[in-house]
Amino acid sequence: MRTMADELVHYEIARGVARITLDSPHNRNALSAQLRRELRAHLGAAVEDESVRVIVLDHTGPVFCAGMDLKEAGGASAADQGVNEFPAILEQIWTSPKPVVAKLAGPARAGGVGIVAAADIAVAAADATFAFTEVRIGVVPAIISVTVLPRLLPRAAHELFLTGEKFDAERAVQIGLINSAVPAERLDAEVDRYTGMLALGGPNALSATKAILRRERPSDMSSDFAEMLALSARYFASEEGQEGISAFAQKRPARWVPTD
């Protein structure tokens with residue numbers, strides 16, 4: 001029997017709030033196969049439970065989520081890349097009939113930022129940072145673009161997707177990625193403020209309102225994910241992507257970085 005100590009994602013309910021906590025600090029809460037599997041299961045359980053009114057995505061350790069587990073991605077073919085399962089998680093969050101709040105006490109990178117963007121509301125500690133680091137390891141921020149681009153100002157999207165530059169929580173608010181950046185000691189209170197307001201809404205009314213809000217996105221999400229999944233998996237398995245992943249693991253510049 002699996003114990004809580006064996007889990008990488010924990011699930012608890014209190015006063016109508018389902019808290020789903022990423023607990024894999026040894027690899028910065030990277031999206032490993034086990035973590036993805038448990039996260040999907042808990043999201044499904046929260047949606048199905050009539051007692052749950054709001055879902056909170058939380059984490060242990062200093063990092064919210066570092067994106068895909070690059071150790072698992074190294075050497076894998078396009079068909080075997082873990083990124084293949086990621087769209088289902090983002091779509092679960094985006095289409096959840098119950099409001100989803102992301103709570104970040106620390107940084108989010110790559111796929112972790114995709115999760116933040118998929119949530120309805122995102123609150124971060126002021127010292128949390130963000131980055132779309134994909135291009136720096138020779139891969140493409142394809143899948144997360146489906147949830148991130150509807151949130152971001154276009155100029156900011158071009159700059160940050162192409163440069164991979166790190167930015168802080170204050171800028172994340174300014175460009176539409178998150179709702180609120182507060183001092184770390186106020187983070188729990190800010191999350192409670194949002195969940196308290198969300199719990200005042202009628203469950204059916206909230207679900208219908210979320211459906212209206214999703215209409216802001218004119219294209220079909222499933223089709224977008226299918227197209228972006230093929231692109232993302234191809235680059236993860238490409239010679240350039242594998243070189244970037246190896247360089248990252250070995251803490252060295254990738255071969256394409258100019259040396260002179």
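Throughout, residue positions are numbered sequentially from 1 according to the sequence presented.
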Beyond-backbone contact of [X] with [Y], side-chain heavy atoms, under 4.5 angstrom:
| X | Y | result |
| --- | --- | --- |
| His59 | Cys65 | no |
| Val54 | Val100 | no |
| Val17 | Val52 | no |
| Lys103 | Phe64 | no |
| Leu8 | Ser32 | yes |
| Phe236 | Leu70 | yes |

Which side-chain N or O atoms in residues 122-133 pair as donor and acceptor under 3.5 Å with protein atoms at least two apart or in another chain?
| unit_1 | atom_1 | unit_2 | atom_2 | d |
| --- | --- | --- | --- | --- |
| Thr129 | OG1 | Arg109 | NH1 | 3.2 |
| Thr129 | OG1 | Arg109 | NH2 | 3.0 |

Donor-acceptor pair, side chain of [X] and main chain of [Y], under 3.5 angstrom:
| X | Y | result |
| --- | --- | --- |
| Asp23 | Thr60 | no |
| Glu38 | Val9 | yes |
| Lys98 | Val47 | yes |
| Ser246 | Gln242 | yes |
| Gln92 | Leu43 | no |

Report yes or no: do [X] and [Y] belong to one cluster of Ile/Leu/Val/Met/Phe/Trp/Tyr joined by side chain heavy-atom distances under 4.5 Å?
| X | Y | result |
| --- | --- | --- |
| Leu152 | Met228 | yes |
| Ile115 | Leu187 | no |
| Ile89 | Ile20 | yes |
| Val113 | Val173 | yes |
| Leu39 | Val63 | no |

Short N-O contact, Arg252 and Glu243, less than 4.0 angstrom: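 Here Arg252 pairs with Glu243 in a salt bridge, since their nearest N and O are under 4.0 Å apart.
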Any salt bridge linking Glu159 with Arg171? Criterion: basic side-chain nitrogen under 4.0 Å from a carboxylate oxygen. yes
Test of understanding: with salt bridge (charged side-chain N to carboxylate O under 4.0 Å, His left out), list the residues that count as partners of Arg155, not counting sequence neighbours. none
Residue that, paired with Glu85, satisfies salt bridge (Lys or Arg N to Asp or Glu O under 4.0 Å) out of Arg40, Arg37, Arg36: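 Only one option passes, and that is Arg36.
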Check whether more than 12 heavy atoms from other residues, nucleotides or ligands sit under 6.0 Å from atom [atom1] of [X], and answer yes or no.
| X | atom1 | answer |
| --- | --- | --- |
| Arg255 | CZ | no |
| Glu185 | CD | yes |
| Phe167 | CZ | yes |
| Gln250 | CD | yes |

Which atoms form the tightest heavy-atom contact between [X] and [Y], and what is the distance?
| X | Y | answer |
| --- | --- | --- |
| Ile144 | Leu90 | CA-CD1, 4.3 Å |
| Val116 | Ala102 | CA-CB, 4.5 Å |
| His42 | Tyr11 | ND1-CB, 3.5 Å |
| Arg214 | Ser96 | NH1-O, 4.1 Å |
| Phe161 | Ser145 | CE2-CB, 4.0 Å |
| Pro150 | Thr147 | CD-O, 3.3 Å |

[X] [atom1] to [Y] [atom2] distance, which is reported to the nearest 0.5 Å:
| X | Y | atom1 | atom2 | result |
| --- | --- | --- | --- | --- |
| Leu160 | Lys166 | CG | NZ | 13.5 Å |
| Asp69 | Arg28 | CG | CZ | 11.5 Å |
| Ile121 | Arg193 | CD1 | CZ | 9.0 Å |
| Leu162 | Glu134 | CG | CD | 11.5 Å |

With side chain to side chain contact (heavy atoms under 4.5 Å, CB included) as the criterion, how do Val140 and Ser232 come out once you've worked through the C-alpha distance, each side chain's angles and the decisive distance to 0.1 Å? CA-CA 6 Å; Val140 179; Ser232 185; 5.8 Å; no
Would you check, one step at a time, whether the test side-chain hydrogen bond (donor to acceptor under 3.5 Å, both in side chains) holds for Asn29 with Ser24? CA-CA 5 Å; Asn29 288 321; Ser24 185; 4.8 Å; no
Donor-acceptor list for residues 194-207 side chains, cut-off 3.5 Å, not counting sequence neighbours:
| unit_1 | atom_1 | unit_2 | atom_2 | d |
| --- | --- | --- | --- | --- |
| Thr195 | OG1 | Val191 | O | 3.2 |
| Thr195 | OG1 | Asp192 | O | 3.1 |

Reference residue Leu57; test side chain to side chain contact (heavy atoms under 4.5 Å, CB included); the match among Leu22, Ile93, Val101: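 That would be Ile93.
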